[in-house]
Amino acid sequence: MNPSGMICLLMTLCLAAIPAYAGSPAKISVNGGTLHGTLELPAGKAPCPVALIIPGSGPTDRDGNNPLAGGKNNSLKMLAEALAANGIASLRYDKRGISQSAPAMLGEKDLRFETYIGDAAMWVKELRQNQRFTRVVIIGHSEGSLIGMVACRKSDADAFVSIAGAGIPASDLLLSQLQPKLPQDLFNAAADIVDRLNHGQITDSLPPALMALFRESVQPYLISWFRYDPASEIAKLEIPVLIVQGSTDIQVDMENAKVLADSNRLARRITIDGMNHILKKVAGNLQEQVTSYGDPSLPIAEELVEELTAFVLSLETVVPDKNRL
């Protein structure tokens, strides 16, 4: 999109006084049970583009809330409502084992990273069959970025957005997080276990201090997860790609966004100044960061909504309408 076109789109945004959207329940049947989500529709706007919003790692629910973070922040809920206010529908969902989709969780030894990829691809295919939607965009947040970029190819999505996504394999990211926290001998043991997992080998002899992280039942999942390199995966996409990173994100640094953007010739990278990992405008102060993770009154960054809206609406003219081919 040329600069003048971007400006015209931004001038149409209605960021102020976003109405409270109730959303409609959505669900799909998957191997193991049912996944539940929320469909947000713009008022009186059909047909329109739709975004599948994939949440991050751990017990993070469809609204962006993690019970381990000390409260609700509602970041993804706010994002969905802001997109709806600007003419873009969205579907956000609880992954297997999380919130309303908890019963669909497979046994730990049977779970694979591909399970999450397949679930996302199924949601996209469901959305594509709905004649209310013109384009389907995947928006992956944090770990949802890697899930989303692989699901794009499996579901033939029209475009991809990575928000705070890692640019290095999960095994490297894990070791970088463990190194400053473990004594050298224990870190060496962890590095050896990770190396074995990277070679597809199960390890049944573990130091007690590492048992929770590398227990034998979770190792098949780790093996499946570690084999994906985000830089390699995003390089395979031949659709419009937007890489978004906040400058005050204390979980994923700026270099990750650069690695992702440099890996795909179609990618555009933007930095949201002052935005943290949960999409809120927060300074780098650790206490302010921690507090924001449990503060639902703090709004998400307006610049994020502006950039996503402009990107998605631009697809209406540059991407073929696959629903009507």
Side-chain angles (χ1 to χ4, degrees), residues 1-2 5-28 35-55 62-64 74-93 120-141 144 148 151-152 155-163 237 239-242 244 268 270 279 300-325:
M1 167 178 267
N2 62 46
M6 182 73 73
I7 292 172
C8 288
L9 278 173
L10 294 182
M11 289 175 63
T12 67
L13 300 182
C14 45
L15 291 171
I18 293 175
Y21 287 86
S24 303
K27 62 182 180 180
I28 57 170
L35 300 185
H36 295 267
T38 300
L39 180 65
E40 300 280 356
L41 293 172
K45 181 79 173 181
C48 63
V50 62
L52 177 72
I53 302 175
I54 307 176
R62 73 185 80 172
D63 292 336
N74 286 338
S75 56
L76 299 185
K77 181 176 186 289
M78 292 179 185
L79 177 60
E81 292 176 347
L83 290 175
N86 288 290
I88 300 167
S90 69
L91 191 145
R92 64 190 190 277
Y93 65 100
M122 285 187 65
W123 278 116
V124 172
K125 291 176 181 177
E126 188 78 9
L127 292 171
R128 188 169 294 291
Q129 293 173 6
N130 192 321
Q131 291 299 305
R132 288 180 296 182
F133 306 129
T134 55
R135 312 289 187 273
V136 182
V137 181
I138 292 181
I139 300 177
H141 176 250
C152 273
S155 63
D156 200 26
D158 293 301
F160 173 65
V161 178
S162 169
I163 304 177
L237 296 183
I239 55 178
V241 173
L242 182 66
V244 184
R268 174 172 170 258
I270 61 170
L279 319 183
I300 60 173
E302 289 189 358
E303 297 95 319
L304 173 65
V305 179
E306 292 172 357
E307 293 287 356
L308 292 185
T309 300
F311 176 75
V312 174
L313 294 185
S314 73
L315 302 174
E316 296 292 270
T317 57
V318 301
V319 175
D321 188 344
K322 297 174 183 176
N323 282 341
R324 292 164 174 78
L325 291 179

ask   = Are the side chain of Arg135 and the backbone N or O of Ala159 linked by a donor-acceptor pair below 3.5 Å?
value = no
request  = Taking the side chain as every heavy atom from C-beta outward, state whether Ser162 and Val244 have any pair of such atoms under 4.5 Å apart.
outcome  = no
query = Under a 4.5 Å cut-off applied to non-hydrogen side-chain atoms, are Leu308 and Ile163 in contact?
reply = yes
key: Lys77: which of Ile300, Asp63, Ile53, Thr38 passes side chain to side chain contact (heavy atoms under 4.5 Å, CB included)   = Asp63
request  = Would you indicate whether the side-chain heavy atoms of His141 and Leu279 approach each other to under 4.5 Å?
outcome  = yes
key: Heavy-atom side-chain proximity of Ile139 to Leu242 below 4.5 angstrom   = no
query = With side chains defined as the heavy atoms from C-beta onward, is the minimum distance between Glu40 and Ser90 less than 4.5 Å?
reply = yes
query = Looking at side-chain heavy atoms only, is the closest gap between Ser155 and Ile138 below 4.5 Å?
reply = yes
ask   = Do side-chain atoms of Asn86 reach the backbone of Ala82 as a donor and acceptor pair under 3.5 angstrom?
value = yes
request  = Could I get the full list of side-chain contact (heavy atoms from CB on, under 4.5 Å) partners for Val312, not counting sequence neighbours?
outcome  = Pro49, Ile88, Val137
Side-chain donor/acceptor of Arg62 to backbone N/O of Gly37, under 3.5 Å = yes
task = Could you pull out all residues at least two apart from Tyr93 that satisfy ring pair (Phe, Tyr, Trp, His ring centres under 6.0 Å)?
result = Trp123
ask   = With no hydrogens and no angle check, is any side-chain donor or acceptor of Ser314 less than 3.5 Å from a backbone partner on Phe311?
value = yes
